[in-house]
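Here is the structure we will look at, set down as C-alpha cells.
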Amino acid sequence: MDEEEDSFEDAGTPLSAIADAFEELGRSLDSGSGGLPLFDFCKACSLVSVLFSCLGLAFKFAELEYVYKVQELSEASKSYDTLTSVLDYDVRHNTVKQPGSLSRNLRRVRQGLDLIRALFEQFLSSGALSLREAATTAYAEVCAPFHTWAIRTAVGAGMYALPTREQLLLKLNETDDSVRKQMERYIAASGPIIQYIDKLYLSKNITLDW
C-alpha cells in the first residue's frame, strides 16, 4: 500500500505542482531577498487556472478573469521585478484602482488565490460536504461582496453544474487521502502569500475593500 502511495505522489498531479510552487514562493519570502519576484509569482499563479477549469460553469467568470489578469502580469514581469515595483508605479501615477492597471489585476489574482484557499478549506471541513456547498460558502466569503447582483445570480445558478466530489478527484488525479494532503499544503503555503499582498497594499495606504 505504501509503495502504491509513493508511486502515485512521485507521478505528480496538478495539485502537487501548485503546492510545490507556492511553497517555493514562501521560501522566497522567508529569504528576505527584497520582495516577491513577479515572474515567479505569475508562474505559480498560472498553475492554479487548471482548478478553475475543473470547476466548470459556476467558476467560468473567475477562470476567464483570472487567466487574463495572470497573463497581463506575466507580460509585465519583463519590465517589473517584484510585486512591490508594480504597486509603486501605479501609486506614483495614481492608477492603482484604474481598470486594467497592473495593481488592479494583482488585486483580482489575489482574490482568485483566496477563493481557491477558501474552497479547499470548506471542501476539507467535512467529508460529507458537497462540492456545491463548499463552493457556495467560499464564493460568499471571498468574491460575492465585490460582485454585482447579476454576477452573484449567475454564479448561484452555475453552482448546480459543479462536478461531484468524486468527479473532481478524478479530474485532479487524486484520492481522498492524497487530495487532503495537497489541499492542506496549498492552504498553508498560499496564506502567507495572500497576507503579504494585502500588507503590501496597506503599506501604501490602499484599502482592501475593492
Side-chain angles (χ1 to χ4, degrees), residues 1-27 40-71 73-74 108-144 154-194 197:
M1 182 66 175
D2 290 340
E3 291 181 0
E4 290 181 1
E5 290 179 353
D6 288 342
S7 64
F8 180 85
E9 291 183 3
D10 289 343
T13 65
L15 276 184
S16 65
I18 292 167
D20 287 344
F22 277 86
E23 286 174 351
E24 183 62 31
L25 281 182
R27 286 189 285 272
D40 295 343
F41 174 76
C42 292
K43 187 176 179 180
C45 290
S46 66
L47 298 174
V48 178
S49 60
V50 68
L51 299 177
F52 288 112
S53 63
C54 286
L55 294 171
L57 183 63
F59 285 85
K60 194 65 179 176
F61 78 94
E63 180 187 2
L64 294 174
E65 180 179 57
Y66 180 87
V67 170
Y68 172 75
K69 286 175 169 40
V70 170
Q71 289 174 343
L73 288 170
S74 295
R108 294 296 173 260
V109 169
R110 172 252 180 250
Q111 191 178 71
L113 300 179
D114 201 22
L115 177 61
I116 294 298
R117 176 205 57 77
L119 174 60
F120 284 0
E121 286 186 344
Q122 292 298 321
F123 188 85
L124 297 178
S125 65
S126 170
L129 193 68
S130 73
L131 182 58
R132 180 165 65 86
E133 291 172 315
T136 298
T137 301
Y139 173 76
E141 173 189 328
V142 177
C143 296
V155 171
M159 291 294 182
Y160 291 92
L162 283 170
T164 63
R165 288 176 68 96
E166 292 73 20
Q167 289 170 334
L168 181 62
L169 293 182
L170 188 62
K171 288 182 177 183
L172 294 174
N173 193 28
E174 300 284 357
T175 65
D176 279 325
D177 290 335
S178 69
V179 80
R180 174 170 289 277
K181 175 183 176 181
Q182 302 304 344
M183 286 184 174
E184 286 176 344
R185 287 180 64 204
Y186 173 80
I187 292 168
S190 65
I193 304 301
I194 293 168
I197 295 172

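Keep in mind that the numbers below use all heavy atoms, side chains included, and drop hydrogens, waters and symmetry copies. Residues take their numbers from the sequence shown, with the count starting at 1.
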Taking distance alone, no hydrogens or angles, what donor-acceptor pairs closer than 3.5 Å link side-chain atoms of residues 41-52 to residues at least two apart or in another chain?
unit_1, atom_1, unit_2, atom_2, d
S46, OG, K43, O, 2.7
S49, OG, S46, O, 2.8

How long is the span from the [atom1] atom in [X] to the [atom2] atom in [Y], to the nearest 0.5 Å?
X    : Y    : atom1 : atom2 : value
L131 : L168 : CG    : CG    : 5.5 Å
F22  : D40  : CZ    : CG    : 11.5 Å
L172 : C54  : CG    : SG    : 4.5 Å
S190 : R185 : OG    : CZ    : 12.0 Å
I187 : M183 : CD1   : CE    : 8.0 Å
D20  : Q182 : CG    : CD    : 7.5 Å

Can you check whether V70's main-chain N or O pairs, donor with acceptor, with S74's side chain at less than 3.5 Å?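 Judged by distance alone, yes, a pair lies under 3.5 Å.
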Looking only at atom types and distance, does a side-chain atom of E121 sit under 3.5 Å from a main-chain N or O of A118, one as donor and one as acceptor?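 A pair under 3.5 Å: no.
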Applying side chain to side chain contact (heavy atoms under 4.5 Å, CB included) between D114 and each of L119, I193, I197, V142, report the one that passes.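 It is V142, the one option of L119, I193, I197, V142 that forms the side chain to side chain contact (heavy atoms under 4.5 Å, CB included) with D114.
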Give the intermediate values and the outcome of side-chain contact (heavy atoms from CB on, under 4.5 Å) for residues F120 and V179. CA-CA 10 Å; F120 284 0; V179 80; over 6 Å; no
Under a 3.5 Å threshold, yes or no: a donor from one side chain and an acceptor from the other, between [X] and [Y]?
X    : Y    : answer
R108 : Q111 : no
S130 : E133 : yes
T13  : E174 : yes

For the pair L170 and E166, evaluate side-chain contact (heavy atoms from CB on, under 4.5 Å) and give the outcome as yes or no after the intermediate values. CA-CA 6 Å; L170 188 62; E166 292 73 20; over 6 Å; no
Quick one: do L169 and T175 satisfy side-chain contact (heavy atoms from CB on, under 4.5 Å)? Show the steps, please. CA-CA 6 Å; L169 293 182; T175 65; over 6 Å; no
Would you sort out whether Y68 and L64 count as a side-chain contact (heavy atoms from CB on, under 4.5 Å), showing the intermediate values? CA-CA 6 Å; Y68 172 75; L64 294 174; over 6 Å; no
Criterion salt bridge (Lys or Arg N to Asp or Glu O under 4.0 Å) on E24 and R27, from CA distance to verdict: CA-CA 5 Å; E24 183 62 31; R27 286 189 285 272; 2.8 Å; yes
Just so I know, are the side chains of I116 and F59 near enough to count as touching, which here means a heavy-atom distance under 4.5 Å?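 Side-chain contact under 4.5 Å: no.
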Minimum side-chain heavy-atom gap M159-Y139 below 4.5 Å: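 Yes. Closest side-chain heavy atoms under 4.5 Å.
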Can you name the closest pair of heavy atoms from V109 and K69 and give their distance?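 So the minimum-distance heavy-atom pair works out to CG2-CB, 3.8 Å.
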Is the charged tip of R165 near the ring of F123: under 6.0 Å from the six-membered ring centre and within 45° of its axis?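 Here R165 passes the 6.0 Å and 45° test against F123.
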